[in-house]
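First the structure, in the form of C-alpha cells, and then the observations on it.
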Protein chains: 2
Amino acid sequence: MAATEVAVTISDAEWRVMRIVWTLGQADSRTIIDLLEQQHDWKAATIKTLIGRLVKKGALATAKDGRQFIYTPNIDEQTAMDTALQTELDQMCAMHRGTALAHVLEQTELSHNDVQELLNVLNKKLATAPAEVACDCLPENCERSCE
Amino acid sequence: MAATEVAVTISDAEWRVMRIVWTLGQADSRTIIDLLEQQHDWKAATIKTLIGRLVKKGALATAKDGRQFIYTPNIDEQTAMDTALQTELDQMCAMHRGTALAHVLEQTELSHNDVQELLNVLNKKLATAPAEVACDCLPENCERSCE
DNA sequence: TAATTAAGATTACAATTGTAAACGAAAGGG
DNA sequence: CCCTTTCGTTTACAATTGTAATCTTAATTA
C-alpha cells in the first residue's frame, strides 16, 4: 500500500530540511545538519528541532540505525510543491490568478521540457477557456465585481 | 509620488480582508465586517483585529470620515499576488518548479486572454530555455544532484 | 575506565497568527 | 439629557514558528 500521504503543513524553515531529504532520498541527522549549516546561519540545535518537528508531523519517517536514525521523506516532493502553490493561489482573487501565473512564469527559469509541458497544458485549455473569470472576492449574493 | 509600497507580509486571514478592500477600492469597517461575516464564521471582533493589524502593517491606509475610517489599499493587489506566489515557488527545488507550475495551471480556471498571455510568455522563453534546470537543494560545493 | 563527544529529547522564549472579549468614547434615539 | 449602539482600541490567549540552549544517554577515545 502506498504512503498514507497525510496533508501535513510544512513551515518555511522546515521546507529547507525536507528539500535535503527529498534530494538525498534519505539522510541521517549529521548529514542534514552539515548541509544546512552551509546554507544558513542555523545552529545544529535549530536543525535538530526542525527535524524533530517534521517527524512529529509525519513528514519524515525514521528508521533506527544503531544509536541514530535514518530519515526518509514520508510525503512526495512534487505533491507537496503542487499543493503548497495551489493553496497559495487559491486564496487569491480568481480573476487575477492568470496574470499572477504569467508574471511568475516569466520570472522562473524553465527547461525546454518544462516550457513544452506548459504549452501543452495551455493549448489543451485554449478550446474551453471562458471569455473571463469572475472575481470571487465578495460573497455570492453581492452584486459588485472587480473594477 | 506613488505609494511607498513597502513589502508587507499578509497572513492568510488578513488576505481575506485585503481582497474585500481591493475589490471595492475602499470600504468602512461596517462594510468589511458585513461582507466577511457572510464568507466566514468570524465574529466582528475578529475582523476588527485583522483590520487593525493591516493598518499597523501599512497594508491599509485610513482616511477619517467623521467618527469612523475609510480604508483603502496601500499595496497593489497584483503585486502582492505576484510576490506571494513567487516567494512560495522560490523556496522550492528549482528543478521541479516547472512541473509544479504546470500542475497548478492545469487546475486553474483561466480566461481566453490569460491563456493567450501565458502562451506569449512561454513562446518567448522557448528560444532561450536551457536543456535542464539544476536542482538547487544542496549547497553549492555539494556534488550530489536530484535523482 | 574516566573524560569527551555526539544524538536525540526536553525546555525556552519571543514573534506571528487565529480568534475573540472587553472597554472607552462618540453618536444617535427617544 | 439618558440609553443604546457603534467604532476603534486594548487586552487575551492558545498554537505555530524561528531560533536555540540544555540535558540525558550512549558511544568513542585517551
Side-chain angles (χ1 to χ4, degrees), chain A residues 6-21 24 26-72 74 80 84 87-88 91, chain B residues 6-21 26-72 74 80 83-84 87-88 91:
Chain A
V6 193
V8 260
T9 306
I10 296 165
S11 79
D12 287 2
E14 287 163 1
W15 201 273
R16 309 303 304 198
V17 176
M18 289 306 294
R19 286 178 63 181
I20 298 288
V21 185
L24 299 182
Q26 68 172 78
D28 56 21
S29 68
R30 176 87 331 257
T31 306
I32 298 174
I33 291 170
D34 284 350
L35 293 176
L36 282 179
E37 277 182 334
Q38 290 180 246
Q39 302 182 306
H40 305 275
D41 277 329
W42 287 345
K43 298 288 148 59
T46 301
I47 302 169
K48 286 182 191 181
T49 299
L50 295 173
I51 293 173
R53 287 180 185 167
L54 285 168
V55 171
K56 187 181 318 181
K57 284 183 179 185
L60 287 180
T62 56
K64 197 108 199 167
D65 172 42
R67 42 55 191 44
Q68 44 166 76
F69 289 127
I70 303 291
Y71 299 97
T72 46
N74 215 11
T87 301
E88 187 77 17
Q91 97 180 323
Chain B
V6 192
V8 260
T9 306
I10 296 165
S11 79
D12 287 2
E14 288 163 1
W15 200 274
R16 308 305 301 198
V17 176
M18 289 306 294
R19 285 179 63 181
I20 298 288
V21 184
Q26 68 172 84
D28 56 20
S29 68
R30 177 89 326 262
T31 307
I32 298 174
I33 291 171
D34 284 350
L35 293 177
L36 282 179
E37 278 181 333
Q38 291 179 248
Q39 303 183 306
H40 304 276
D41 278 330
W42 287 345
K43 298 289 147 61
T46 300
I47 302 168
K48 286 183 189 180
T49 299
L50 295 173
I51 294 173
R53 288 181 185 167
L54 284 167
V55 171
K56 185 180 320 180
K57 284 183 180 185
L60 287 179
T62 56
K64 196 107 198 169
D65 173 42
R67 39 58 190 41
Q68 45 166 74
F69 289 127
I70 303 293
Y71 299 96
T72 48
N74 214 11
T83 303
T87 300
E88 187 77 17
Q91 99 180 319

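Everything numeric here is computed off the predicted structure, so don't read it as measured data. Numbers restart at 1 for each chain; the letters A, B, ... are given by sequence-line order, proteins then strands.
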Inset, instruction - Calculate the interatomic distance between A:Leu36 atom CG and D:dG18 atom C1'; express it in whole Å. - result: 14 Å

Inset, instruction - Kindly determine whether A:Asp34 and A:Thr31 satisfy side chain to side chain donor-acceptor pair (under 3.5 Å), including the steps that lead there. - result: CA-CA 5 Å; A:Asp34 284 350; A:Thr31 306; over 6 Å; no

Inset, instruction - Calculate, to the nearest 0.5 Å, the distance between atoms CZ and NZ belonging to A:Arg53 and A:Lys56 respectively. - result: 8.0 Å

Inset, instruction - Identify the heavy atoms of A:Trp15 and A:Ala84 that sit nearest to each other, and give their distance. - result: CH2-CB, 4.1 Å

Inset, instruction - Would you check if the side chain of B:Asn74 reaches a backbone N or O of B:Gly58 as a donor-acceptor pair within less than 3.5 Å? - result: yes

Legend entry - Phosphate OP1/OP2 of C:dA20 contacted by B:Trp42 side-chain N/O (<4.0 Å): no

Inset, instruction - Grab the CG-P distance between B:Leu50 and C:dA20 for me, whole Å please. - result: 10 Å

Inset, instruction - Give one of base, sugar-phosphate or nothing for A:Asp65, where a contact means two heavy atoms less than 4.0 Å apart. - result: nothing

Legend entry - B:Ile47 backbone acceptor or donor facing B:Arg16 side chain under 3.5 Å: no

Inset, instruction - Could you tell me the separation between the NZ atom of B:Lys43 and the C1' atom of C:dA22, rounded to a whole number of Å? - result: 15 Å

Legend entry - Length of the CD1-C1' vector between B:Ile70 and D:dG8, whole Å: 14 Å

Legend entry - Heavy-atom pair of closest approach, residues A:Glu14 and A:Thr9: OE1-O, 3.9 Å

Inset, instruction - Provide the closest heavy-atom pair for A:Ile51 versus A:Ser29 in the form atom of the first, atom of the second, distance. - result: CD1-CB, 4.1 Å

Would you tabulate the pairs of protein nitrogen or oxygen atoms and nucleotide nitrogen or oxygen atoms of nucleotides 3-7 of chain D closer than 3.5 angstrom?
unit_1 : atom_1 : unit_2  : atom_2 : d
D:dC7  : OP1    : B:Arg30 : NE     : 3.4
D:dC7  : OP2    : B:Arg30 : NE     : 3.0
D:dC7  : OP2    : B:Arg30 : NH2    : 3.3

Write down the protein N/O and nucleotide N/O pairs, taken from nucleotides 12-17 of chain D, whose separation is under 3.5 Å; answer none if there are no such pairs.
unit_1 : atom_1 : unit_2  : atom_2 : d
D:dT17 : OP2    : A:Lys57 : NZ     : 3.1

Inset, instruction - Would you mind reading off the distance between A:Asp41 atom CG and D:dT19 atom C1', rounded to a whole angstrom? - result: 12 Å

Legend entry - Gap between atoms CD1 and P, on B:Ile47 and D:dG8 respectively (whole Å): 13 Å

Legend entry - Value rounded to 0.5 Å, distance of CG in A:Leu24 from OG1 in A:Thr72: 12.0 Å

Legend entry - Nearest atoms (heavy-atom pairs only) where A:Lys57 meets A:Val8: O-CG1, 2.7 Å

Inset, instruction - Could you check how far CZ of A:Arg16 sits from C1' of D:dT19, rounded to whole Å? - result: 16 Å

Inset, instruction - Take atom CG of A:Leu54 and atom C1' of C:dA9, then tell me their distance rounded to the nearest Å. - result: 16 Å

